[in-house]
Amino acid sequence: MSETRKHHATIVLERRYDATASRVFAEFANPVVRAQWSAPAGDELVYEEAAFEVGGRDVFRCGPNGDLKFRGETTYHVIAPGNCVISSETIEQRGQHLAVSLNTLELQEAAGATNLKLTIQIVSSVGEGIIAHFESGNRSALDGLGAHLAGTA
């Protein structure tokens, strides 16, 4: 059962990658490649649908290996190649609504490297725990992207 009290948070994650903004952007644009680096260790991510375009959506399942208990939908609102992606995401578990987020991914190239800033504005229907999971999952995904770009993943 969902809580009546909603929990809100803004999460800001920043990274610097030794790659061009177009390369970093390409890693997000391709869901097959994105699935390789974005799941935390011990977890699994499977895309059932993927349409990385304005108005498009991704439908995915994720969770611990062998237990894809979470279902998510991402809708893309703004896509500026090599620069910015703005999307919204809903997460549920076995039909129970968990959270909604507005995600802003910003890329800025500087001297052959890219500064990435991910801002997640989230509201949880089930307590503060899901917010911590969003933060740790996205932190892990960005670390995975760094390892992938460096060729160490």
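Just so you know, residue 1 is the first one in the sequence shown, and it goes up from there. Only this structure's heavy atoms are used, side chains among them; waters, hydrogens and symmetry mates stay out.
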Residues Lys6, Ser124; criterion side chain to side chain contact (heavy atoms under 4.5 Å, CB included); working and verdict: CA-CA 6 Å; Lys6 304 302 180 208; Ser124 166; over 6 Å; no
Check step by step if side chain to side chain contact (heavy atoms under 4.5 Å, CB included) holds for Leu102 and Ile86. CA-CA 7 Å; Leu102 174 65; Ile86 301 173; 3.9 Å; yes
Test side chain to side chain contact (heavy atoms under 4.5 Å, CB included) on Asn103 and Thr119; report intermediate values, then the result. CA-CA 6 Å; Asn103 310 304; Thr119 305; over 6 Å; no
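The minimum heavy-atom distance linking Tyr76 with Ala51 is given by the pair CD1-O, 3.5 Å. Ala41 approaches Ser140 most closely through the heavy-atom pair N-OG, 4.5 Å. Ser136 and His133 get closest at one heavy-atom pair: OG-O, 3.3 Å. Nearest approach of Ile91 to Phe134, heavy atoms of both residues: CG1-CZ, 3.7 Å. Closest of all the heavy-atom pairs between Ala141 and Ser38 is CB-O, 3.4 Å. Contact between Thr114 and Ala19 at its shortest, heavy atoms only, is OG1-O, 2.6 Å.
You'll find the side chain of Val24 reaches within 4.5 Å of the side chain of Leu116, heavy atoms only. Looking only at side-chain heavy atoms (C-beta outward), Phe60 and Leu45 come within less than 4.5 Å of each other. Taking 4.5 Å as the limit, some side-chain heavy atom of Val59 sits within range of a side-chain heavy atom of Arg71. Residues Val126 and Gln93 are not in side-chain contact: their nearest non-hydrogen atoms beyond the backbone lie 4.5 Å or more apart. In this structure, Asn83 and Phe25 have side chains that are not in contact, with every pair of non-hydrogen atoms separated by 4.5 Å or more. Put simply, the side chain of Glu109 reaches to within 4.5 Å of the side chain of Thr20, judged on heavy atoms. Residues Asp143 and Trp37 form no side-chain contact, since every pair of their non-hydrogen atoms from C-beta on lies 4.5 Å or further apart. Under the 4.5 Å side-chain criterion, counting only non-hydrogen atoms from C-beta, Leu145 is in contact with Phe28.
The salt bridge (Lys or Arg N to Asp or Glu O under 4.0 Å) contacts involving residues 35-48 comprise Glu48-Arg61, where partners must be two or more places apart or lie in separate chains. Within the structure, salt bridge (Lys or Arg N to Asp or Glu O under 4.0 Å) contacts touching residues 50-59 (residues at least two apart or in different chains) are Arg34-Asp58, Glu49-Arg57, Arg57-Glu73.
In this structure, Tyr17 contributes its side chain and Leu142 its backbone to a donor-acceptor pair below 3.5 Å.
In summary, the side chains of Ser88 and His77 do present a donor paired with an acceptor at a separation below 3.5 Å, with no hydrogens or angles considered. Checked by atom type, the side-chain pair Glu89/Ser101 shows no donor-acceptor distance below 3.5 Å.
Here the NE2 atom belonging to His7 is positioned 11.5 Å from the CD1 atom belonging to Ile122, to the nearest 0.5 angstrom. With values rounded to the nearest 0.5 angstrom, Arg16 atom CZ is found 4.5 Å from Asn115 atom CG. From Glu135, atom CD reaches atom OG1 of Thr10 across 11.0 Å, with rounding to the nearest 0.5 Å. Taking CG from Leu105 and SG from Cys84, the interatomic distance works out to 7.0 Å, rounded to the nearest 0.5 Å. Considering CD of Gln121 and OG1 of Thr104, their distance stands at 6.0 Å, rounded to 0.5 Å.
Considering Asn138, Ile11, Val12 in turn, Asn138 is the only one that fulfils the side chain to side chain contact (heavy atoms under 4.5 Å, CB included) rule with Leu118.
For Glu27, the salt bridge (charged side-chain N to carboxylate O under 4.0 Å, His left out) partners at least two apart in sequence or on another chain are Arg23.
More than 12 heavy atoms of other residues, nucleotides or ligands shown are found within 6.0 angstrom of CG on Asp67.
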